[in-house]
Structures are given as C-alpha cells and as structure tokens.
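Worksheet: the structure to be examined is printed underneath.
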Amino acid sequence: QTESNLSVTVVGASGDLAKKKIFPALFALFYEDCLPPNFIVFGYARTKMTDEELREMISRTLTCRIDKRENCGDKMEEFLQRCFYHSGQYDSEEHFAELDEKLKQKEEGKVSNRLFYLSIPPNIFVDVVRCASCKASSGNGWTRVIVEKPFGRDSESSGELTRSLKQYLAEEQIFRIDHYLGKELVENLSVLRFSNLVFEPLWSRNYIRNVQFIFSEDFGTEGRGGYFDNYGIIRDIMQNHLLQILALFAMETPVSLDAEDVRNEKVKVLRSMRKLRLEDVVIGQYKGQSKGGKTYLGYTEDPTVPNDSLTPTFAAAALFIDNARWDGVPFLMKAGKALNTRRAEIRVQFRHVPGNLYKRNFGMDMDKATNELVLRVQPDEAIYLKINNKVPGLGMRLDRSDLNLLYKTRYSKEISDAYERLLLDAIEGERRLFIRSDELDAAWSIFTPLLKELETKKITPELYPYGSRGPVGAHYLAAEYNVRWGDLA
Ligand code: BG6
C-alpha cells in the first residue's frame with residue numbers, strides 16, 4: 001500500500017466487461033484492503049449518467065463472493081461512495097480536460113497516480129489514449145493505461161496500433177492484458193515447473209511426447225457476433241490465451257522472476273516456433289441443433305452474423321518449437337465455442353516406459369497407458385497425474401489412477417478472479433503478467449500467414465452440431481502426429 005492517491009478511470013464504464021469484471025474486481029481488491037486509502041474510481045462513457053446512477057449500475061454486479069463475509073454490505077457502500085462518473089466523447093480532448101478537473105478536485109494537490117482501463121472497442125483506443133494522455137495525465141504521479149485484446153488482426157495492424165499508442169505513451173505505461181495470465185493455475189505453472197524436482201528434469205523432448213492446450217465453451221457467440229465475426233476463434237483464443245500459456249509452459253528457466261527476465265524467455269520461445277501452415281490446422285463452425293426440446297441456433301443463424309460467414313468458431317492446430325528442448329514435440333491446441341462442455345486445460349502426455357515389464361507380462365496396452373499430467377485451469381481448478389497402479393487384491397491387475405490435487409478440497413480460500421490479480425499488478429507496477437510489444441509481434445508472426453491464407457483462399461470450416469465434441473477433422477489432425485486428444489480419451 002502507498003499513501004499516494006490513486007484513481008482508476010474505467011473508460012467504457014457502461015459496457016459488459018466493465019460491469020461484469022472490472023468493477024467487481026476493484027471492489028474485491030478494496031474489500032481485501034489491497035488498495036491505497038485514498039482511492040477513487042471514475043466511470044467514463046458517452047451515456048449520460050449521474051454518480052448515483054453509476055453506483056446503482058455497479059451495485060447490481062458487486063458480490064462478496066462468499067455470502068457470509070463480515071461487513072460485506074458496509075464495505076460495498078463505502079466502495080460505492082468512492083465511485084464517480086463523467087460522461088464524454090471518446091475523441092474529445094475537451095471532455096477529458098473536464099475529467100481532469102474533476103480528478104484534481106478529489107486529489108487535493110497530493111501525489112496522485114492515475115490508471116486508465118480501456119474497456120472499449122480497439123478502433124477508439126488511440127483516440128482515448130491521445131485525449132487522456134494530453135489532457136488527463138497525472139501531473140505528479142504515474143499514469144498507466146490498461147488495454148485488452150484485440151490488438152489488431154494481424155502483424156501489420158498490431159504493429160500499427162503499437163506505433164500509434166507509443167506516440168502518446170511509453171512502453172512502461174502500457175499494460176496489455178491477457179486475462180488468462182491472471183488465472184490461478186496459469187500463474188502456478190511456473191511454480192510447478194521450477195520448484196519441483198520431479199517435473200522440471202522431465203520437461204523436454206526426452207520425456208514428453210506431446211502437450212495439449214484445450215479450450216472449450218458450451219455456449220456460442222450469442223450477442224457478440226458483431227465482434228466475433230471479424231476475429232474468429234484463432235484470434236480470439238489461440239493467438240493470445242493459449243499461446244501465452246504455451247510460452248510459459250515451454251520457455252527456458254528465466255534468470256529471475258523479474259518481469260523483463262520472464263518476458264525475455266517468453267519472446268525467445270515464441271521466436272523459435274514455426275509459422276503455422278494451412279496443413280497444420282483444422283477449422284470448424286457450429287451449426288444449429290435441437291436437443292431436449294430446445295433449439296440452438298447455428299453460428300450463421302445468429303442475427304449479428306452474416307449468413308455466408310466462413311469465420312471459424314473452432315480450430316485445432318499443431319505447433320512446433322524448433323529448439324533443442326522441444327525439437328519434434330507436437331504442441332496441439334484446440335479451441336471451440338458451442339461444444340459439449342466448458343473447460344480449459346493443459347495436458348502433458350509423457351513417453352512410454354522403455355522395456356516396460358508390465359506391458360510384456362500382463363498384456364496391458366501401454367501405448368494408451370502412459371503418464372499424463374493435467375492442469376485444469378477451469379472449472380474446478382486441479383492438477384492431477386495419471387499413473388498406472390496395481391488394483392488391490394490377489395493376483396496382478398493394473399488400472400489407471402489419478403494423483404489428484406483438487407483445489408477446492410485442498411484450499412479453503414475462494415480463488416480470486418483473474419482481473420483482480422492483474423489490476424493489482426498494474427497498480428503496483430508489476431509487469432510480469434502483461435504482454436510486451438515484442439512478445440505481441442512474435443505471437444502474431446506465428447499466426448499471421450495462416451490467417452491470411454485462410455481468408456484469401458476462403459477455406460470452408462467443417463460444420464459441427466452445437467453442443468457436440470467438435471469436428472472430426474481434429475482427431476485426424478492429432479492422429480497425423482500419433483496423438484489422441486486427452487480430453488476425449
Ligand atoms: C475472451 C474471449 O478473451 O475470453 C471470449 O474474447 C471468451 O470469447 C473468454 O469467452 C473466455 O474467458 P473465460 O475467463 O471465461 O474462460
């Protein structure tokens with residue numbers, strides 16, 4: 001905690017992300033006493049609203065997460081009294097100057113830090129940054145800006161955005177969020193690797209057969225078709241969330257846990273990756289389905305989506321890292337909407353035990369029974385290791401069992417939302433979990449050629465029914481590398 005003033009201005013305050021994630025995360029930090037004592041929140045958007053109306057709007061989504069927490073109601077009231085609103089256009093320096101006046105009144109001349117959270121569409125990022133940095137920067141403390149994807153659609157547009165933002169801000173002031181980096185299990189990945197002797201020595205092509213990064217959602221793009229159709233699942237999930245996890249998984253040991261050291265290693269591993277080609281991916285799109293008396297609309301039946309759209313809502317890809325540690329190991333990714341379940345996980349499939357005694361003696365199919373380490377990011381956070389085990393009793397029969405660390409049985413504390421961790425880090429100036437611009441460039445260069453080819457060749461996605469396990473092409477892709485998807489085994 002610091003004695004300086006802090007203001008967090010949420011630009012795009014009436015949007016969904018602000019209501020569902022950012023205000024509740026700020027309240028959670030306030031509740032946990034993680035924020036400086038002189039802390040205020042400003043909502044900024046075009047909608048006309050009074051402070052009271054903003055408070056009313058925010059209060060609908062605030063929760064204390066655990067019902068019986070002490071003083072929850074009082075704390076909420078205290079938090080809401082620190083929330084204010086200013087209505088203005090996103091490209092008006094004059095309106096940002098008015099915001100500046102209001103901020104100054106509350107800051108009473110003390111050292112004051114200002115954080116801006118841009119919860120707005122990317123086409124207005126630069127306008128807002130220009131107006132905010134020219135007219136509403138802190139005069140005596142720091143000014144930081146949090147932005148969230150999409151950071152462009154490809155290498156060129158992302159580079160262009162970075163250059164435009166840097167006209168007004170230094171790289172150190174820009175905090176590019178990938179909210180998956182704020183998830184508990186993703187943060188734990190490095191702890192698991194680098195502080196357990198039983199894992200790190202096995203973390204290479206010598207013992208790992210393949211690694212899988214799986215994301216699935218059991219709902220479609222309902223209501224978000226306008227945004228989604230312009231991006232598709234590869235840009236929405238793979239190029240950022242899954243690739244970030246992959247980089248943390250596969251990077252070399254950083255010199256230290258400092259932000260620059262960690263991000264240097266992430267950039268190196270990303271730069272060692274092969275650019276994706278058309279033959280390395282399978283794309284799909286969900287179609288309508290009637291189930292249990294309910295009708296689920298297909299992607300192109302969504303009124304916000306053009307009915308001839310070829311945008312993928314599912315993709316599977318095989319990626320490779322051409323370095324000494326990972327040469328030849330397939331890193332498979334799979335991401336899809338409107339599938340049968342909601343889940344995000346990392347699966348590490350280990351090699352066979354050479355000369356396994358039990359393969360010869362008891363006829364077990366060891367090709368199917370290799371060890372597998374699973375990190376379940378959500379729901380129901382867990383880490384488990386699939387091992388072969390003797391079934392108790394006379395005689396000798398083996399089965400597959402799990403060494404299971406299920407968070408909800410091991411830890412009683414509720415798991416924080418990713419946005420809480422990331423907001424706190426941005427306030428504290430901890431940059432490790434934010435994406436540096438060279439990281440972003442490296443990430444785009446893996447995907448850009450493929451994305452262009454998909455679009456210029458108008459590749460048709462394989463249709464899969466809403467609520468299914470996705471296109472069968474994903475199995476063939478994995479099979480080409482002698483891999484079975486662990487989540488379907
Ligand atoms: C967002 C994507 O980045 O992540 C959404 O734009 C997706 O399409 C969401 O639904 C998933 O986040 P979470 O935290 O709910 O898994």
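One is the number of the first residue; the rest follow in order along the sequence. When a ligand or atom number is given, it counts from 1 through the structure's own listing order. None of the values given here were measured: they were computed from a predicted structure.
Ring-plane geometry between Tyr44 and His86 is classed as tilted, the angle between the planes lying from 30 to 60 degrees on a 0 to 90 degree scale.
The residue among Lys20, Glu217, Arg343 with a heavy atom at the shortest distance from atom 7 (C) of ligand 1 is Glu217. Compare Lys183, Gln378, Lys21, Lys149 by their heavy atoms: the one nearest to atom 14 (O) of ligand 1 is in Lys183.
Residue Phe228 places no heavy atom under 4.0 Å from ligand 1.
Stacking of Lys183 on the aromatic ring of Tyr180 is recorded, both the 6.0 Å distance cut-off and the 45° axial limit being met. The cationic atom of Lys75 (NZ for Lys, CZ for Arg) lies less than 6.0 Å from the six-membered ring centre of Phe30 and within 45° of the ring axis.
Numbered from 1 in the order shown, with element, the atoms of ligand 1 that lie under 4.0 Å from a heavy atom of Lys337 read 5 (C), 7 (C), 8 (O), 10 (O). The ligand atoms of ligand 1 that sit less than 4.0 angstrom from a heavy atom of His241 are 1 (C), 3 (O), 4 (O).
With Glu372 as reference, Arg347 is the one residue of Arg347, Arg484, Lys386 to meet the salt bridge (charged side-chain N to carboxylate O under 4.0 Å, His left out) rule. Exactly one of Val41, Thr143, Ile146 qualifies for a side-chain contact (heavy atoms from CB on, under 4.5 Å) with Leu115. That residue is Ile146.
With hydrogens left out, the protein atom closest to atom 16 (O) of ligand 1 is Tyr180 OH, 2.4 Å, a heavy atom. Residue, atom and distance of the protein heavy atom nearest to atom 15 (O) of ligand 1 are Arg342 NH2, 3.5 Å. Looking from atom 6 (O) of ligand 1 to the surrounding protein, the closest heavy atom is Asp236 OD1, 2.6 Å. The shortest contact between atom 12 (O) of ligand 1 and any protein heavy atom is with His179 NE2, 3.1 Å.
With a heavy-atom cut-off of 4.0 Å, Glu148 does not touch ligand 1 at all.
Of the charged side-chain nitrogens involved, none lies within less than 4.0 Å of a carboxylate oxygen, so that Asp258 and Arg432 do not count as a salt-bridged pair.
The shortest non-hydrogen separation linking Tyr466 to Phe219 is OH-CA, 3.4 Å.
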